[in-house]
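One structure is given below, encoded as structure tokens.
Keep in mind that what you see is a predicted model, and the values were worked out from it rather than measured. So that the names make sense, note that chain A is the first sequence line, chain B the second, and so on, each numbered from 1.
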2 protein chains.
Amino acid sequence: MDERRTDNGTDGDDEAAAVSRFVERFAAQLVQAGMTRMPARVFAALLSSEQGALTSAELSEQLKVSPAAVSGAVRYLAQVNLVGREREPGSRRERYRVQGDQWYDALLERDAFLRNWQTTMREGVQQFGLDTPQGRRINETLEFFLFLEKELGSLMQRWAAHRAEHLGG
Amino acid sequence: MDERRTDNGTDGDDEAAAVSRFVERFAAQLVQAGMTRMPARVFAALLSSEQGALTSAELSEQLKVSPAAVSGAVRYLAQVNLVGREREPGSRRERYRVQGDQWYDALLERDAFLRNWQTTMREGVQQFGLDTPQGRRINETLEFFLFLEKELGSLMQRWAAHRAEHLGG
DNA sequence: CTTTAACTTCACACATTTCTGAAAGAAGCG
DNA sequence: CGCTTCTTTCAGAAATGTGTGAAGTTAAAG
């Protein structure tokens with residue numbers, strides 16, 4: 001009835017296996033959402049880690065993959081702002097950390113993403129013209145993305161408030 | 001200065017090429033967003049078509065792919081409610097149509113998607129317990145998805161209103 | 001300045017995905 | 001009831017993606 005503790009030395013293997021199940025399940029959903037497999041597994045592992053941060057070696061061992069694979073995954077994750085890289089001073093070890101405050105934003109990929117779509121739709125509207133059904137249809141899509149951009153901004157603000165209240169008090 | 005008309009017989013090839021450019025560009029962004037290539041191309045072609053609907057043969061020719069590929073793509077698109085299938089009475093031809101009203105919802109994949117994530121997060125929280133940093137971190141993620149579910153519902157309602165006013169009103 | 005530990009890059013092998021051609025399966029039409 | 005037209009299924013070829021090992025790069029430590 002109490003198989004959820006981390007600091008229990010007696011069933012370390014079971015615990016590790018249970019963590020692994022959660023990590024792989026979480027990762028699978030990230031994959032389904034469009035993320036590639038290795039970044040997904042690394043991210044899930046970091047989120048499930050006690051400190052929210054792990055070294056390359058720890059990730060490599062826990063996920064049973066080569067350091068090269070970790071390197072590639074982390075490069076991607078850092079690029080999209082899902083993890084940050086830390087250098088512990090006086091050591092070559094690098095430490096990767098989930099960006100607690102940013103990953104909600106990053107998940108919705110608001111900024112660049114929506115802009116690109118809007119550009120494409122604008123071109124489509126211009127190409128077909130508002131006097132064609134296609135043009136009007138594409139224009140409506142453009143409006144949807146403009147609407148989304150506005151709404152997602154305030155949505156994330158509300159989340160920040162909700163979160164601060166719920167945690168910080 | 002006026003190279004956007006569809007009903008102009010003199011430059012049909014240029015027009016077709018221009019449409020193709022838009023379709024491929026749009027499709028590429030859908031792919032980037034996680035959709036597989038062929039469904040993305042089919043969807044983009046439908047959205048860019050005058051009636052918002054095309055037959056299998058038309059898609060096959062326009063996209064330069066086999067009927068088999070169209071079949072597979074449409075099966076997927078229908079499953080996720082992005083297109084509907086119509087049978088013109090008295091013909092074996094099937095006609096695929098963009099679901100004008102539904103595809104915004106479908107794009108955000110609200111329902112099933114969020115539920116799955118929530119389930120996974122709940123299991124994570126239970127596994128680690130709220131007395132661990134991991135557990136609290138995962139719990140916050142769970143709360144984010146609950147928040148999102150609620151907010152996206154009202155967001156789509158606002159969009160429906162905005163859209164009705166802008167078009168119908 | 002050399003050694004050594006850690007991370008990164010790159011070419012390649014393996015796995016997966018994606019599209020095609022061929023054949024089978026429906027559904028109108030004579 | 002068979003013929004014809006369109007769609008679907010399926011096995012396999014081609015393209016793509018993914019992770020590894022080995023060599024290369026960087027930076028701390030001696």
Measure the distance from [atom1] on [X] to [atom2] on [N] and round it to the nearest whole Å.
{"X": "B:L54", "N": "D:dC6", "atom1": "CG", "atom2": "P", "value": "16 Å"}
{"X": "A:R75", "N": "D:dT18", "atom1": "CZ", "atom2": "P", "value": "13 Å"}
{"X": "A:E88", "N": "C:dC7", "atom1": "CD", "atom2": "C1'", "value": "14 Å"}
{"X": "B:R95", "N": "D:dC6", "atom1": "CZ", "atom2": "P", "value": "13 Å"}
{"X": "A:Y96", "N": "C:dA6", "atom1": "OH", "atom2": "C1'", "value": "9 Å"}
{"X": "A:Q79", "N": "C:dT8", "atom1": "CD", "atom2": "P", "value": "13 Å"}

### Message
Please list, in numerical order, the residues of residues 38-47 of chain A that have a heavy atom closer than 4.0 Å to any atom of DNA chain D.
### Response
A:M38
### Task
Within residues 61-71 of chain B, find the residues that approach DNA chain D with a heavy atom at under 4.0 Å, and present them sorted by residue number.
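Contacting residues: B:P67, B:A68, B:S71.
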### Query
Just checking B:T55: base, sugar-phosphate only, or nothing, at a heavy-atom cut-off of under 4.0 Å?
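No contact at all - B:T55 keeps every heavy atom at 4.0 Å or more from the nucleic acid.
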### Query
So what does A:R85 touch, heavy atoms closer than 4.0 Å: a base, only the sugar-phosphate, or nothing?
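The residue A:R85 makes sugar-phosphate contact but no base contact.
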### Divergence of helical axes at both termini of the helix from C:dC1-D:dG30 to C:dG30-D:dC1 - five pairs an end, 10° steps
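About 10°, once rounded to a multiple of 10°.
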### Message
Would you call the rings of A:F43 and A:F26 parallel, tilted or perpendicular, taking 30° and 60° as the class edges?
### Response
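Geometry flag for A:F26 against A:F43: perpendicular rings.
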### Message
It should be established whether B:S56 places a side-chain nitrogen or oxygen under 4.0 Å from OP1 or OP2 of nucleotide D:dC6.
### Response
no
### Task
Quick one: pull up CZ in A:R41 and CG in A:L63 and give me the separation to the nearest 0.5 Å.
5.0 Å
#### Entry: Letter per nucleotide, 5' to 3', of nucleotides 25-30 of chain C [B base touched, S only sugar-phosphate touched, - untouched; heavy atoms, 4.0 Å]
--BBS-
### Query
Is a salt bridge present between A:R21 and B:E123, judged by a nitrogen-to-oxygen distance below 4.0 Å?
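No, no charged N to carboxylate O under 4.0 Å.
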### Short N-O contact, B:R163 and A:E143, less than 4.0 angstrom
no
### Query
Taking only residues two or more places apart in sequence or in another chain, which ones pass salt bridge (charged side-chain N to carboxylate O under 4.0 Å, His left out) with A:R93?
none
### Task
Hey, could you give me each pair passing salt bridge (Lys or Arg N to Asp or Glu O under 4.0 Å) that has a residue in residues 53-79 of chain A? Not counting sequence neighbours.
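Residue pairs passing salt bridge (Lys or Arg N to Asp or Glu O under 4.0 Å), neighbours aside: none found.
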